[in-house]
**Student:** 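First the structure, then my questions, so here it is.
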Amino acid sequence: MKAITTSEQEIKIPKPKIIRIEYLLSLLLLVFILVLWEVLSRFKIVHELILPGPMVVIGSMFELLAAPFFYSNLGVTLFETLAGFALGSIFSIVLALIVVSVPILYKVLNPFIIILQAVPKVALAPIFVTWFGFGLTAKIVMAIAICFFPTFINTVVGLKSVDEDSKLLFQSMVASKKDLFLKLSLPTALPYIFAGLKASLTFALIGAIVGEFMGADKGIGMLINTFNFQLEMDKVYALIIILSIIALLLYLFIEWLDKKIVFWTDNK
Amino acid sequence: MKAITTSEQEIKIPKPKIIRIEYLLSLLLLVFILVLWEVLSRFKIVHELILPGPMVVIGSMFELLAAPFFYSNLGVTLFETLAGFALGSIFSIVLALIVVSVPILYKVLNPFIIILQAVPKVALAPIFVTWFGFGLTAKIVMAIAICFFPTFINTVVGLKSVDEDSKLLFQSMVASKKDLFLKLSLPTALPYIFAGLKASLTFALIGAIVGEFMGADKGIGMLINTFNFQLEMDKVYALIIILSIIALLLYLFIEWLDKKIVFWTDNK
Amino acid sequence: MVNEILKSSDEVSTNQSQITITNLYKTFERDGKEKEVLRDINLNFKKGEFISLLGPSGCGKSTLLKLIGGLITKSTGSIQIDSQEVKDPISKVGFMFQKAVLLPWRTVEQNLILPIELAKGNIAEAKLRIKDLLSLVGLEGYEHYYPNELSGGMQQRISLARTLMTNPDILLLDEPFGALDEFTRENLNFSLMDIAEKSGKTVVLVTHSISEAVLMSDRIIVMGINPGHILEDMKIDFQKPRTDKIIATEKYAQYMLHIRDLLGVGR
Amino acid sequence: MVNEILKSSDEVSTNQSQITITNLYKTFERDGKEKEVLRDINLNFKKGEFISLLGPSGCGKSTLLKLIGGLITKSTGSIQIDSQEVKDPISKVGFMFQKAVLLPWRTVEQNLILPIELAKGNIAEAKLRIKDLLSLVGLEGYEHYYPNELSGGMQQRISLARTLMTNPDILLLDEPFGALDEFTRENLNFSLMDIAEKSGKTVVLVTHSISEAVLMSDRIIVMGINPGHILEDMKIDFQKPRTDKIIATEKYAQYMLHIRDLLGVGR
Amino acid sequence: GNSGESTGQGSTKSGDLTKIQVILAAEGTPMYYAYVAKEKGFFEAEGLDVELVSGKGGSYVVQQVGAGTVNIGITAVSALVTAWDKAIDIRSVYQINVTNLFDLIVTEESGIKSVEELKGKIVGVTDLGGGEVPMVKSILAHAGLTADTDVTLRAIGSEAPSILAAFEKGTIDAYSGGAHDLVSLYGQDNFKSTSLIPEEFKTLPSTGIIVNGKYLDSNPEVVTKFARAIAKATDFSINNYDQTFEIMKKVFPEQYMDEKIANMFLTTFIGLSTPIEPEKGYGYIYEDAWQLMVDQFKGDVISNDINIKDYLDSSLLQEINNFKN
Ligand SMILES: Nc1ncnc2c1ncn2[C@@H]1O[C@H](COP(=O)(O)OP(=O)(O)OP(=O)(O)O)[C@@H](O)[C@H]1O
Ligand SMILES: Nc1ncnc2c1ncn2[C@@H]1O[C@H](COP(=O)(O)OP(=O)(O)OP(=O)(O)O)[C@@H](O)[C@H]1O
Ligand SMILES: [Mg+2]
Ligand SMILES: [Mg+2]
């Protein structure tokens, strides 16, 4: 626990320059962009159907946040994302473990992995809809497909990156295969696995959204489609902003988890 | 040139075990999958509207490859992909250079970069179509948006990863700022930039396809949509396979380029 | 105190051979070509002896050490420890490498427990010894630190303590302090000499430093390269416990110059 | 041959002071706290002298060297080279680091040309000297190799050759061979001594090795820590050119023991 | 929208109900009758427990029904023609919209009044593979124009903002698409359009209940019950607009956030599904119009001869309309 508290303390002591000038400038830039945007829209320089003003968009955002249906749709998208992420991650980690521990399997599957990795997964969306229908399944499968490879590849690389010295050490201490795996290979691979998971989670959200674009009863992607269809562009923009915030939160969450679990890479 | 020839020679001498057993097994597995697939479709266990047999799909593939309209559509998708990739890469590298050489700019823009990076770019597809219309522009912009960040982030990291010793060395040799940049920072960043470009290129293809899914009059994505609509699933599958092959070729090409240009990381 | 923690298994250090190497050859295969790395090695190490292996890079010192430790297999010849042919790593041998290779996700204590865990030993009992071992290597109170909170020298001390956890009869050390600066290294060397002497362990140390070898060893095996072979098996005859005062002796200078001559160092 | 490539700018090495350090202090700021790293350093190095800086890790040897080279700025005091206050790196000073830091995308030749390129010098003329410099460091024929095709020792030789490309009067060397094994290091040390002696260059060498310092230097500056200060400024009095036969002398042993004593090494 | 789980009352006695899945080509207002039938308990009254799944576009519906993964669907029927061309046994048992769901519009200020005037102009379509292309070509041919030589077809998608932007930028002079897509355009205050569609194209079939052939042969009574509930719901909605609005608003809050737009949509779609000839009952199949549609597709999308009698089944209609008393 020591390492974590030390590094946390380090984070807790920023330079005590009251408010940092960069932050002020960033804020100023933000305000400038918003004002420019509002002017563009207020004076009809850009049609409101193309780009509604920021005030309208922010208003719609709160309107959406107040509507109960928003949360049920958000729930569905999050469920698809997280279910796809969880299943995809479990599949990929388990498969990576199997493939690394059976070298011949790795060699036989390798050409398939290279080819499947190259498949643009979003192009599979129509096929998944055909196979799995318009319910949640197709979106979850999409999320799985799109987030399988980052974690899989990283787990394989991580498990293979155990250095020779450590292996020799374990060998010299007469370690069993199981101990070698549990106490050396797996922890060594953890930082790599997390790097894969980090990429995956955002990909899973993208997978769910693309799946919903192809047709869905529920979900944020469906809402974007619906509002777009009804020409309520302010709501479309509001949804995209909300979606971005969700993506950011998911990313920050997994990064936090990474720091907590793989604490020993902190100081690198 | 020496390093390259050496490593090429190393590649040219594989173990002379006539044909390696793994390859045979991979081939066997492939044949097994194809036969299973054909059986599933031949005995109508899976309906041909959901999954046509491999023979039919391969037949359609050659049919497509013989059709002139296929090439004009392929040309459009490739153009969108490569134009998006080229523009996105140039933007991202130039912006990274500017941002790294003006530290205050980096700090001010950083929050925006973090947030924009989190935006699920595919969710922007409907907006881009509204903004840029139904032609190539929307797809190119989509490709740019989706492939901007990998290269941008990597270029920034690469430029910042110049080690202190090398900087001191250049300083001790009384180097100008320009020389420091051209002869040290840029070459040091090149491997990172290429890693970004590698990710980008596949992303650019995905961007173009997603853009075409949202509606297009030309392109492989449009063909997939059309054949899907006309219930010609064999052609849909054939197109996805072709698309995957293209993605693979693009990847192999950029990897080859990487090896040629950033030759000095070969032996790592 | 050393004697309490690291009890010698026999009461008196006998004079019989503990490690016996006869007609040992080792060949590696690379890219289909055979490369002879060790040729016709014959050695007898007695119990309690402090032996240094000295030789140029690539002469096979590490290879020889790994062979003795059972980490790799020989091509022909015989290696026996206490009259048993070495086939696999055995628990009476402790190995230590140039890098500390501590597991970064384990505290010092957890790292020290590792060899006991792997050997399915009694962990509770082992924990009792940690405090003494840490004070032996001069790091009392560091139980709950993580490796990345320690300096390189401290990490190597922990690595040494870990090697001692199972109280092995034989220590095989492959440039254990090679990555450290010279001052830290010498201090650790003297600690090591203390521990070895007082517990009567047999030590085989691989080193690049002639002065270090002369200062510490009872015997120095000077090796040559291409293929690795024994140039000379030298007895270093100073009384124990050693101090660095021997630097000022005629004998020391003679040993130094002789080995430099053998290895072709300097001019 | 050395004399042809590396001509001494003055014909005879005079006895006047070339590097003059007076009342030098250096403080670093970290996390808002001031840390004194060097306190009241006073030194005079004469032209053609071979000086070693010896001291424990963190005592400020590298900091002192960088100050002399103009790579960092002092807090108070004065550093003069040839009666000029040092403010920025100057071309009559050549710097060499512990790591070779060769640019991996440049061949040996292109790496050697680098300092000339950066100084906007005459490249064609510089290229003519490469062959001689390479043979000086024992690597003739390696012009078109890339750094990753060379061993660590070879890379350090190239790094040395690069430092010599601009024919600087003063060489500042920060543990230049510290990363190499002892045998390779000693061989390079002797090459370095040769070059320095024959070309009359002033050399300031940072090292961790007492024996290396005694063997090579005209003077050893022994430094203490917290804050970095000078413990003793020793003259090492052996005739030149040096050979390792001095190891067998009484004087050598005395120097060794005295420095060990100063630094608290051994027992 | 809330298609699946909104009816809590069905769950208790789901044991005696026949469970079926029905796939809809669009979600919400365009297929209001399905949701009204569900919410009003018309399915339950028929002894059915219906799960409604919805997707984007008719081809998926045809695909699923053709493959038999889902047996009943409601979709734009133009997608059916490609399936019939492949001799896939999907039958139409009920024609929902009797007026054409496709339209061909120009802006009012363009002054264009007839199809003939489109010579040399650009007509926007959703996409070139889309179902309306044969229709447009046929309409053009009717006016003596040839697509590609006299008139340029340009795909611009079905999203209203794109259509509007295309009109504003002059990228297109006319647009042909589903009424579904056009409704939101009609709602724009500053967008006035003129329809160019000739009279004889107005009875073209657009939406229908389609059934997998095998399923229909073995379960005609289930199909009848389902269609009857749909007919009942359509009838209810025509006569009870306000209640329908409330039901739909409850099921699709996101589509009813802006009540003005929502009103316009619902009115349009109820209008589109109101029979032209009420005396013929709900779901009446105009065989001549189907034949016209198949003829339009001929050569362009279809290559085989299609006997529409094999796929149109009016036999259930009498039973289906048997709900009023
Ligand atoms: N696994 C291996 N496969 C092939 N060759 C090997 C292998 N391990 C070592 N060698 C070769 O054997 C020779 C001796 O290696 P070894 O590591 O024992 O030398 P060393 O004396 O320990 O060198 P150093 O002082 O640099 O550590 C070297 O030429 C090396 O390349
Ligand atoms: N840029 C810097 N900022 C803050 N402190 C520094 C900086 N550079 C060096 N120091 C501190 O100054 C002290 C002396 O560092 P220096 O590198 O000069 O020591 P050294 O004698 O060269 O050590 P070593 O033998 O390990 O190379 C150390 O405590 C170090 O932490
Ligand atoms: Mg070794
Ligand atoms: Mg230093």
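All of these numbers come straight from a predicted model, not from anything done at the bench. Below, chains carry the letters A, B, ... as their sequence lines are ordered, and counting in each starts from 1.
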**Student:** Could you check whether atom CZ of A:F253 has more than 12 heavy atoms from other residues, nucleotides or ligands sitting under 6.0 Å from it?
**Tutor:**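 Open.
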**Student:** Heavy-atom cut-off 4.5 Å, strictly under: side chain, backbone, both or neither for A:K178 against chain C?
**Tutor:**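 No part of A:K178 comes within 4.5 Å of chain C.
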**Student:** Nearest 0.5 Å, please: how far is OG in A:S172 from CG in C:L65?
**Tutor:**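 Here the interatomic distance stands at 10.5 Å.
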**Student:** So A:F170 and C:L114, do their side chains get closer than 4.5 Å, heavy atoms only?
**Tutor:**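 With C-beta onward as the side chain, the pair touches.
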**Student:** Restricting to non-hydrogen atoms, name the atom on C:K120 and the atom on A:S176 that form the minimum distance, rounded to 0.1 Å.
**Tutor:**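 Smallest interatomic distance, heavy atoms only, reads NZ-OG, 4.3 Å.
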**Student:** Determine which residues belonging to residues 184-196 of chain A lie within contact range of chain C, meaning some heavy atom pair is under 4.5 Å apart, and list them by number or answer 'none'.
**Tutor:**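 Checking residues 184-196 of chain A against chain C gives A:L184, A:P187, A:T188.
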**Student:** Provide the closest heavy-atom pair for A:F263 versus C:P104 in the form atom of the first, atom of the second, distance.
**Tutor:**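 For A:F263 and C:P104, the tightest heavy-atom pair comes out as CE1-O, 4.5 Å.
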**Student:** At a 4.5 Å cut-off on heavy atoms, which part of C:Q98 comes close to chain A: side chain, backbone, both, or neither?
**Tutor:**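 Neither the backbone nor the side chain of C:Q98 comes within 4.5 Å of chain A.
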**Student:** Sub-4.5 Å heavy-atom contacts with chain C: which residues of residues 142-162 of chain A show up?
**Tutor:**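 Residues of residues 142-162 of chain A touching chain C at under 4.5 Å: none.
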**Student:** Would you name the heavy atoms of A:A175 and C:L118 that are closest together and state the gap between them?
**Tutor:**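 It is CB-CD1, 3.8 Å.
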**Student:** Could you point out which residue of C:S91, C:P89, C:P115 forms a side-chain contact (heavy atoms from CB on, under 4.5 Å) with A:M173?
**Tutor:**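 Filter result, single survivor: C:P115.
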**Student:** With side-chain contact (heavy atoms from CB on, under 4.5 Å) as the criterion, how do A:Q171 and C:D88 come out once you've worked through the C-alpha distance, each side chain's angles and the decisive distance to 0.1 Å?
**Tutor:** CA-CA 9 Å; A:Q171 230 178 303; C:D88 288 305; over 6 Å; no
**Student:** Sub-4.5 Å heavy-atom contacts with chain A: which residues of residues 70-84 of chain C show up?
**Tutor:**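 The stretch touches chain A at C:L71.
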**Student:** Does anything in residues 74-109 of chain A get under 4.5 Å of chain C by heavy atoms, and if so which residues?
**Tutor:**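 Counting heavy atoms that sit under 4.5 Å from chain C, no residue of residues 74-109 of chain A is involved.
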**Student:** A:L169 versus C:R162: any side-chain heavy-atom pair under 4.5 Å?
**Tutor:**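 They are in side-chain contact.
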**Student:** Between C:F97 and A:D165, what is the shortest heavy-atom contact and its length?
**Tutor:**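 It is CE1-O, 4.4 Å.
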